[in-house]
There are 2 protein chains.
Amino acid sequence: MPRIPAIERRAALVHAALHVVAERGVAAATTRAIVAQAGMSLASFHYAFTSRDELLGELIDTALEQEKRTLAPALAPEFDPVSMRDAIRAGLEQYFLGVKADPQREKAMFELTHWAMRTPGMHALARRQYDRYYALAEAALDVASEKSGASWDRPPAHIAALLVAITDGLTIGWLVNRDDAAAAALMDFAADAVARLAVGPDESIAQERMRQS
Amino acid sequence: MPRIPAIERRAALVHAALHVVAERGVAAATTRAIVAQAGMSLASFHYAFTSRDELLGELIDTALEQEKRTLAPALAPEFDPVSMRDAIRAGLEQYFLGVKADPQREKAMFELTHWAMRTPGMHALARRQYDRYYALAEAALDVASEKSGASWDRPPAHIAALLVAITDGLTIGWLVNRDDAAAAALMDFAADAVARLAVGPDESIAQERMRQS
DNA sequence: GTCTATAATGAGATAGAC
DNA sequence: GTCTATCTCATTATAGAC
């Protein structure tokens with residue numbers, strides 16, 4: 001076998017691990033399964049990484065990058081001024097299409113979160129994972145804000161946290177039941193509810209009425 | 001050791017397994033760890049269960065029963081007519097107190113769901129788990145409906161699904177970040193948003209205004 | 001740097017004495 | 001019915017030849 005720089009070997013192993021974890025779960029992602037997927041020998045693994053845990057740690061960051069790329073279309077402001085409600089609903093739809101396109105990867109992300117929470121010294125990884133989710137949601141909210149011309153009645157970071165919680169619940173529920181109609185209903189509800197937290201062109205009138213009642 | 005009926009031995013093993021899974025996770029719940037916790041020999045395990053998977057299957061049902069008992073206080077209609085929003089908020093608070101009281105158990109429930117989804121022939125268990133969550137949420141909504149005198153603008157089962165998704169998201173977020181303030185903000189938001197789906201004494205006026213706008 | 005071979009450990013499950 | 005002892009297999013990790 002050719003000589004491969006350690007850095008590339010690490011990347012290849014992480015890539016292979018991502019595939020195994022998504023396909024068969026964290027528990028099945030043994031060093032053997034990973035090197036088999038990567039077409040390497042077992043010893044090469046321990047040349048590139050000191051332990052399986054070290055690889056799984058890196059895996060979370062890599063998987064997040066991949067998820068981010070998947071979500072990119074949702075952040076692209078390709079169409080124009082629209083209501084806040086519709087902008088959020090469209091963002092959720094885009095997210096959900098990503099989930100449907102690769103349910104295994106989504107399952108894997110949850111499993112990795114739980115693995116990190118359970119593994120000594122790895123809890124911080126779970127936090128960083130969610131920090132990035134929040135940042136991603138906040139970016140999406142910014143886009144929605146620009147599209148609709150409305151802004152928020154509270155810190156966008158707070159709303160981002162709501163959005164992440166809703167998408168998590170949406171995702172788990174769909175993974176368990178595969179009920180597209182229920183998912184759509186939840187997204188409609190979430191879009192309505194979150195949009196009510198906006199103030200601006202479209203929503204100010206309704207907001208004002210609510211406040212007076 | 002005394003003779004113990006197989007049925008009791010099964011119960012004891014499930015109980016021990018629940019402890020191990022909550023404390024150290026599904027992956028650490030080996031047959032050895034479980035029998036050690038139960039104070040039995042390894043052979044006794046395979047006398048009572050044909051496999052580890054069979055036990056984990058039973059475990060989900062038992063854990064659900066336990067969760068249900070924990071939630072009972074939230075369903076007890078101990079105080080009186082109040083707004084739908086406050087009834088829901090109180091129910092969420094009660095649920096959240098349960099999560100804070102035993103975070104490990106909550107983590108375990110998620111891990112068991114994911115285990116069931118990954119294990120051949122066990123996916124149906126995950127569905128049943130969520131069916132019970134939905135039923136539990138629906139019962140809670142009934143209580144809220146009675147307390148407030150309001151009713152719903154759509155099938156309670158649909159609203160129950162929303163509520164479960166929200167509590168799932170709430171729970172994961174809190175397990176990762178342990179941010180009580182963020183959890184409270186999410187519960188406030190959820191209570192407001194869900195209460196808007198009610199029609200009746202308190203909400204009919206606001207509902208009517210929304211419809212006209 | 002990379003490989004084969006193997007050490008060391010722990011897993012689920014079982015045989016067979018009592 | 002219950003136990004000890006063991007089987008068989010898979011795991012992470014490493015030693016040492018090349």
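Numbered from 1 within each chain, the chains take letters A, B, ... in sequence-line order. Only this structure's heavy atoms are used, side chains among them; waters, hydrogens and symmetry mates stay out.
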Inset, instruction - Report yes if a side-chain nitrogen or oxygen of S41(A) is closer than 4.0 Å to either non-bridging phosphate oxygen (OP1 or OP2) of dC3(C); otherwise report no. - result: yes

Inset, instruction - Compare side-chain N and O positions of R9(B) against OP1 and OP2 of dG1(D) and report whether any pair is under 4.0 Å apart. - result: no

Inset, instruction - Can you tell me the distance, in whole Å, between the CZ atom of R32(B) and the P atom of dA10(D)? - result: 16 Å

Inset, instruction - Test D61(B) against every option in R10(B), R132(B), K68(B) by the salt bridge (charged side-chain N to carboxylate O under 4.0 Å, His left out) rule and name the one that passes. - result: R132(B)

Legend entry - Whole-Å distance separating the CZ atom of F45(B) from the P atom of dA13(C): 7 Å

Inset, instruction - To the nearest 0.5 Å, tell me how far Q37(B) CD sits from L13(B) CG. - result: 11.0 Å

Legend entry - Considering all heavy atoms, the nearest Y134(B)-G173(A) contact: OH-CA, 4.2 Å

Inset, instruction - Take atom CD1 of I7(A) and atom C1' of dG1(C), then tell me their distance rounded to the nearest Å. - result: 16 Å

Inset, instruction - Tell me whether the OP1 or OP2 atom of dG1(D) has a side-chain N or O from Y47(B) closer than 4.0 Å. - result: yes

Inset, instruction - Round to the nearest Å and state the distance from E8(B) atom CD to dT2(D) atom P. - result: 10 Å

Legend entry - Spacing of M40(A) atom CE relative to dT4(C) atom P, expressed in whole Å: 14 Å

Inset, instruction - Return the value, rounded to whole Å, for the distance between atom CD of E54(B) and atom P of dG12(C). - result: 15 Å

Inset, instruction - Please state whether the phosphate of dC3(D), meaning OP1 or OP2, lies under 4.0 angstrom from any side-chain nitrogen or oxygen of S44(B). - result: yes

Inset, instruction - Round to a whole Å and report the spacing from NE2 of H46(B) to C1' of dG1(D). - result: 16 Å

Legend entry - side-chain contact (heavy atoms from CB on, under 4.5 Å), paired with D168(A), selected from T171(B), I172(B), I166(B), D168(B): I172(B)

Inset, instruction - Just compare dG12(C), dA13(C), dT14(D) and give me whichever is closest to any side-chain atom of A43(A). - result: dT14(D)

Inset, instruction - Please report, rounded to the nearest Å, how far the P atom of dT11(D) is from the CZ atom of F49(A). - result: 19 Å

